[in-house]
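Working notes, beginning with the structure itself.
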Amino acid sequence: MSKRKLKNRLQLCGLHIFYILLCFLALVPILYALQLSFSGSSGAVSSELSLLPQDFTFDNYRKIIVEKPFLRWFSNSIVLAVCTMVIAIGFAVVAAYAFSRYRFKGRNAILKVLLLLNAFPQILSMFALFRLLKEMNMLDTKLGLVIIYAGSMCIFSIWNMKGYFDTIPIEIEEASKIDGANDFQLLWRIIMPLALPAIIVTAVLVLISVWNEYVFSTTFLLNENSYTLAGGLYQLQSNDYSRSWSMFSAAAVLVSLPILVIFFCIQKYMISGLTAGGVKG
């Protein structure tokens with residue numbers, strides 16, 4: 001083996017070891033939370049850092065599911081996330097296709113305004129949204145929160161999917177029109193199957209954003225039965241006299257599981273979407 005090949009292999013091995021150590025360091029907080037969720041001890045801060053649970057037990061998971069309204073919070077989060085995703089993606093697909101393919105007056109101005117609106121922190125509009133929902137008697141309702149989420153997520157979805165629609169050759173659409181396809185058939189049968197990876201990835205990003213959203217959910221939902229998982233987890237730790245880090249860690253693990261499952265399920269779509277975009281670009 002030549003010295004050059006040996007040097008390249010050693011550099012590659014060193015790079016792999018570095019990234020493995022980096023991944024392990026990133027996993028330490030997650031592994032610590034996982035062991036704490038199975039630990040009978042309620043203290044999260046101790047003199048020793050151990051990744052193995054002390055007094056192994058499933059009692060924390062039992063308590064969070066049976067003694068706390070965790071399942072109600074879980075149900076609320078699913079309803080908000082799924083409804084927001086369906087509404088935002090439904091409007092965004094049509095709007096993104098229109099912005100990508102049609103050259104109408106004010107198109108660039110509208111896109112810039114949407115981008116500018118998305119750049120402002122959402123917390124700046126909290127007071128106005130609170131007053132608006134109160135006037136419409138939609139405060140402490142899932143519908144009011146879905147409207148807010150869908151409006152903000154729709155802007156992101158439009159920009160995200162427009163870029164992918166731009167990579168689809170227009171010749172495919174022209175050939176379909178020659179065969180007699182109308183605009184609806186063109187979008188439903190031709191464009192959407194081609195853009196399926198981008199649509200799925202965008203939908204999952206919207207789902208995750210709503211799933212983890214905290215500020216609006218705790219501001220506009222005012223009672224315990226209406227809380228989402230983010231608000232419910234905060235309530236578990238809001239009382240200094242009843243704080244249980246082990247139970248909180250168990251709840252955090254349960255909250256993370258659906259997101260992990262979704263990521264594993266859409267891996268092929270993420271890879272194919274990035275590869276197709278790179279080839280077409």
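Below 30°, between 30° and 60°, or above 60°: for Tyr227 and Trp73 the angle between ring planes is between 30° and 60°, a tilted geometry. Taking the six-membered ring where tryptophan is involved, the planes of Phe216 and Tyr149 are essentially parallel, since the angle between them stays under 30° and well short of 60°.
Grouping the Ile, Leu, Val, Met, Phe, Trp and Tyr side chains by contacts below 4.5 angstrom, directly or via other members, places Phe74 apart from Val66. Follow the hydrophobic side-chain contacts under 4.5 Å out from Phe24 and you never reach Ile17; the two are in separate clusters. Linking ILVMFWY residues whenever their side-chain heavy atoms come closer than 4.5 Å, directly or via other members, places Leu257 and Ile266 in the same cluster. Leu21 and Val28 fall into different hydrophobic clusters, where Ile, Leu, Val, Met, Phe, Trp and Tyr are joined by side-chain heavy atoms under 4.5 Å apart, directly or via other members. Linking ILVMFWY side-chain heavy atoms closer than 4.5 Å, directly or via other members, places Val146 and Val79 in two distinct hydrophobic clusters.
When all heavy atoms are compared, the tightest approach of Ala33 to Ser249 is O-CB, 3.4 Å. In plain terms, the two heavy atoms of Phe70 and Ala251 that are nearest each other are CE1-O, 4.1 Å. Nearest heavy-atom pair, Ala26 versus Pro29, reported as atom, atom and distance to 0.1 Å: O-CD, 3.4 Å. The shortest non-hydrogen separation linking Thr84 to Ala150 is CG2-N, 3.6 Å. What you find for Ile89 and Ser157 is that their closest heavy atoms are CD1-OG, 3.9 Å. Between Asp166 and Arg101, the shortest heavy-atom distance links the atoms CA-NH1, 4.2 Å.
Expressed to the nearest 0.5 Å, how far CG of Leu114 lies from CH2 of Trp159 amounts to 8.0 Å. Note that the CD atom of Gln11 and the NE2 atom of His16 stand 12.0 Å from one another [nearest 0.5 Å]. Atom CD1 of residue Ile170 and atom NZ of residue Lys177 lie 7.0 Å apart, to the nearest 0.5 angstrom. Rounding to the nearest 0.5 Å places CE of Met161 at 12.5 Å from OH of Tyr164. Atom CG of Asn60 and atom CD of Glu67 lie 10.0 Å apart (nearest 0.5 Å). To the nearest 0.5 angstrom, Met247 atom CE is 8.5 Å from Arg62 atom CZ.
The shortest side-chain heavy-atom distance between Leu139 and Phe220 falls under the 4.5 Å cut-off. Residues Leu34 and Phe38 form a side-chain contact, since some pair of their non-hydrogen atoms from C-beta on lies under 4.5 Å apart. Side-chain contact between Ser209 and Met153: present, with at least one pair of heavy atoms (C-beta onward) separated by less than 4.5 Å. Between Leu221 and Asn76 the shortest side-chain heavy-atom distance does not fall below 4.5 Å. Within the 4.5 Å cutoff, the side chain of Leu145 has no heavy atoms near those of the Glu213 side chain. The shortest side-chain heavy-atom distance between Ile262 and Trp211 does not fall under the 4.5 Å cut-off.
Within a 6.0 Å radius of CZ in Phe127, no more than 12 heavy atoms belonging to other residues, nucleotides or ligands are found. Counting non-hydrogen atoms of other residues, nucleotides and ligands closer than 6.0 Å to CZ of Phe156 gives a total above 12. Within 6.0 Å of atom CZ in Arg189, 12 or fewer heavy atoms from other residues, nucleotides or ligands are found, so the atom counts as exposed in its surroundings.
Although no hydrogens or angles enter the test, the distance criterion places a donor-acceptor pair under 3.5 Å between the side chain of Thr218 and the main chain of Tyr214. With Ser39 contributing its side chain and Gln35 its backbone, the two residues share no donor-acceptor pair below 3.5 Å. A donor-acceptor pair under 3.5 Å is formed between the side chain of Ser77 and the backbone N or O of Leu229.
Here Ser37 pairs with Tyr61 under the side chain to side chain donor-acceptor pair (under 3.5 Å) rule; sequence neighbours left out. Residues satisfying the side chain to side chain donor-acceptor pair (under 3.5 Å) criterion with Thr202, sequence neighbours excluded, are Asn160.
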